[in-house]
Structure formats: C-alpha cells, structure tokens
Amino acid sequence: MKRFFLLLIICIFFLPACSRQAAPAHIAATTLPVYEFTARLCEGTDITVTRLVTENVSCLHDYSLNVRQVKAAEAAELVILSGAGLEDFMTDILAGKPTVDSSAGIDLLECVSDHKHDHDHGHDHAHHHETDSHIWLSPENAKIMAQNICHGLCAQYPRHTDTFQQNLSDLLTDLDTLQTYGEDTLAGLECRDLITFHDGFGYFADAFDLHILQAVEEESGREASAQELKQLIHIVREHDLPAVFTEVNGSVSAAEVICRETGASLYTLDMAMGSSSYFDAMYHNINTLKEALE
C-alpha cells in the first residue's frame, strides 16, 4: 500500500511537467498559400498550424481580424506572413511576436493598374497599392516563400530541422512540376494578351509569358464607368481577344457587358486565397487559360 501511494504521489508531481512537454507547438499562418506551405513543411512533427484568414477573399484591402482570428494569432508561438505589405493591418497585433516574412528576397512588381497602359487613351487607373502583394501566383516565388518559411521553422524548432528540410525538398519538387506544367500547357497559345478584373495576376502572367493589357480593379462600391467600359471594349476588339477574365470572388457585371458587346467569352481565375488548395487553384488557372486562349 505504501508503494502504491508513493507511486501515486510521484505521478501527480510529474504529471504537469509531462503535460507541458507533450503540448504541441502552435503556429498561425495568415492566408491559404503560406498556411499550405507551412503545413506541408510541418508534416511528421508535433507542430499544429492554424490558418487565420479562412474567408473567400482575394485581397486583404481594408481587412480586419475577428475575435477568433485575433485570439489565434495571440496564442501562436510563431506567425507566418505572406509579406509584401499584405498583412500591414496586423502590425499592432503582432507587436513583439516572432514572425516569418515569406516574401523576403522576392522582387516585387508594381500593381498592373498603377501603370498607364498603351491603350488607356489618357485614362490613368491608379490603385492605392504601389506594389502587388500576390507573390505566390508565380511558382518560382512560391519556392522562395517555402524556403523562407523553412528557414524560420528551423530557427524556431531546430529539433525538427531534418524533417523540415525533407518536406521542403518534396514541396519544391511539386512547385517545379507546377511551373513545368504551366509552361508546357500554355506554350502554344494563339493569344497571350489578357484583360483581367483584378490587378493581382501580374506575377502569374510573368511566370508563364503572358501580357496583361489592362487590369480593372473594381473595389467595393465602385464599378467600371461607361467611359472605362468603352475603352475596354475597344481594347478587346483591337486585339481580337477571345476572352475576358474575372476573379472568382469578384464582380462580373462589367465583364459581362464587354462580352456581350464584343462576343468574347467570360472565364474565371482564382487568386488562391479563398480556395481549399493552392495547387488546385493554380492548375485551374493554367487549364482555364489554355481553354480560353488556344
């Protein structure tokens, strides 16, 4: 009996410490691409990864976190950021917390709609963001993001370095396969010019040798004006464009007007933020462009 009570006391004394050691590490990742990359890198470890932004959004312009998201960010040991200014609205919440900026070392593009295009007939469609933060839409950029995340994970959890590195190798292979598939699939397009109803496809266009003639940014409460529609109709006719592209979470009304006036078809591209899979969204975009432009 004495042995039983002694054993019970020892278990009670050491149980809290054992429980603390067994508690898994917790990471928060802001958007789908960095969440998916981080989750892939953490496979085979005791690290849990939470995705903060789960809504079907394509940009975080004027975005604010809800209570659940704030608590998840505050509870995390490490927060993985897409970077390039995308999460500037989280500055106060992340003050003093370890973070990984996955955009480090990536050359940023100016937003397409910040440029004055050759065919804009004197209309400058300026956007309030100077650089395009949708860096993940280039597989080569996604590889840099994955490497940055892996570096941050290794620094934070060195005991899992070997696992992180092996998982990184597998992820980079998948991203190389995605790039090759896109290049091969889109190599024979008869048309490589695009009109998009979102200004975030610049990296995607660069990755696969496409040219965005015009990017229309229709923000909440503002749709394309009659003059802008006239201009876009002129561009479609001038370049004999077979298709116009909207974004999966965006407005389609202006694009539908253009298609009715020109006979162009309407297709939808995915920014890979509100989807269930980054890779599914990217393959969808490649296959959609082939169907629309070949």
Side-chain angles (χ1 to χ4, degrees), residues 31 53 55-63 86 109-134 136-137 186 189-208 210-275 281-282 284-294:
T31 60
V53 180
E55 294 89 344
N56 290 327
V57 297
S58 301
C59 284
L60 300 183
H61 304 161
D62 303 319
Y63 190 86
L86 189 70
L109 299 176
E110 292 184 6
C111 286
V112 176
S113 56
D114 278 338
H115 294 172
K116 192 169 183 178
H117 300 274
D118 293 339
H119 304 277
D120 67 4
H121 305 285
H123 298 283
D124 186 9
H125 301 277
H127 189 271
H128 61 274
H129 286 273
E130 294 182 355
T131 56
D132 184 354
S133 57
H134 303 84
W136 57 86
L137 291 176
L186 303 177
L189 293 182
E190 293 185 5
C191 173
R192 309 196 75 85
D193 295 327
L194 310 178
I195 287 180
T196 63
F197 276 78
H198 195 290
D199 69 358
F201 289 102
Y203 297 101
F204 186 92
D206 278 6
F208 300 111
L210 303 168
H211 178 221
I212 298 179
L213 292 172
Q214 190 86 319
V216 184
E217 187 71 3
E218 290 192 310
E219 298 182 351
S220 178
R222 181 200 177 278
E223 294 186 347
S225 67
Q227 183 61 34
E228 288 171 325
L229 286 174
K230 181 179 178 180
Q231 171 199 349
L232 292 167
I233 290 169
H234 172 79
I235 294 173
V236 171
R237 288 173 173 165
E238 181 182 8
H239 291 269
D240 195 22
L241 300 182
V244 172
F245 299 91
T246 58
E247 196 278 322
V248 67
N249 297 309
S251 171
V252 299
S253 57
E256 287 175 342
V257 171
I258 295 169
C259 291
R260 285 198 302 268
E261 292 294 322
T262 63
S265 298
L266 182 60
Y267 288 86
T268 301
L269 300 177
D270 196 325
M271 297 297 298
M273 284 185 66
S275 309
M282 291 292 287
H284 161 80
N285 290 340
I286 293 167
N287 292 332
T288 297
L289 285 165
K290 177 178 174 58
E291 178 182 345
L293 301 177
E294 67 177 353

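Along the sequence shown, residues carry numbers from 1.
The shortest side-chain heavy-atom distance between Q231 and I233 does not fall under the 4.5 Å cut-off. Under the 4.5 Å side-chain criterion, counting only non-hydrogen atoms from C-beta, T31 is in contact with L60. With contacts defined as side-chain heavy-atom distances shorter than 4.5 Å, the pair L289/F204 qualifies. Residues E247 and T196 fail the side-chain proximity criterion, which asks for heavy atoms closer than 4.5 Å. Contact annotation: the side chain of T131 never approaches that of C111 to less than 4.5 Å [non-hydrogen atoms, C-beta and beyond]. Taking 4.5 Å as the limit, every side-chain heavy atom of V244 sits out of range of all side-chain heavy atoms of E256. Considering only heavy atoms from C-beta on, M273 stays 4.5 Å or farther from E55 through its side chain. Residues I195 and F245 form no side-chain contact, since every pair of their non-hydrogen atoms from C-beta on lies 4.5 Å or further apart.
Counting only distance, with no hydrogens or angles, the side chain of R192 and the backbone of A205 share no donor-acceptor pair below 3.5 Å. Between the side chain of R260 and the backbone N or O of A255, no donor-acceptor pair lies under 3.5 Å. Checked by atom type and distance alone, the side chain of H198 pairs as donor or acceptor with a backbone atom of G200 at under 3.5 Å. At least one donor-acceptor pair under 3.5 Å links the side chain of W136 to the backbone N or O of M271. Remark: the backbone N or O of I235 is not paired with any side-chain donor or acceptor of E238 at under 3.5 angstrom.
Under the rule for a side-chain hydrogen bond (donor to acceptor under 3.5 Å, both in side chains), T262 has no partner lying at least two apart in sequence or in another chain. Considering only residues two or more places apart in sequence or on other chains, H134 meets the side-chain hydrogen bond (donor to acceptor under 3.5 Å, both in side chains) condition with D132.
Of the inter-residue distances, the one linking F197 atom CZ with L269 atom CG reads 12.0 Å to the nearest 0.5 angstrom. The CD1 atom of I258 lies 9.5 Å from the CG atom of L266; values are rounded to the nearest 0.5 Å. Rounding to the nearest 0.5 Å gives a distance of 8.5 Å between OG of S253 and CG of L229. Annotation: the span from L232 atom CG to K230 atom NZ amounts to 12.5 Å, rounded to 0.5 Å. To the nearest 0.5 Å, atoms CG (D199) and CD1 (I212) are separated by 9.0 Å.
A pairwise comparison of heavy atoms in F201 and D270 identifies CE2-O, 4.0 Å as the closest pair. Listed here is the closest heavy atom pair of C259 and A264: CB-O, 3.1 Å. Summarising the geometry of L293 relative to A243, their closest heavy-atom pair is CD2-CB, 4.5 Å, with the distance given to 0.1 Å. A pairwise comparison of heavy atoms in L186 and I286 identifies CD2-O, 3.5 Å as the closest pair. Here the closest heavy-atom approach between residue H284 and residue T268 is recorded as NE2-O, 3.0 Å.
Applying the salt bridge (charged side-chain N to carboxylate O under 4.0 Å, His left out) test to pairs two or more places apart or on separate chains, those with a residue in residues 285-294 are K290-E294.
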task = Would you sort out whether D193 and H211 count as a side chain to side chain donor-acceptor pair (under 3.5 Å), showing the intermediate values?
result = CA-CA 5 Å; D193 295 327; H211 178 221; 3.2 Å; yes
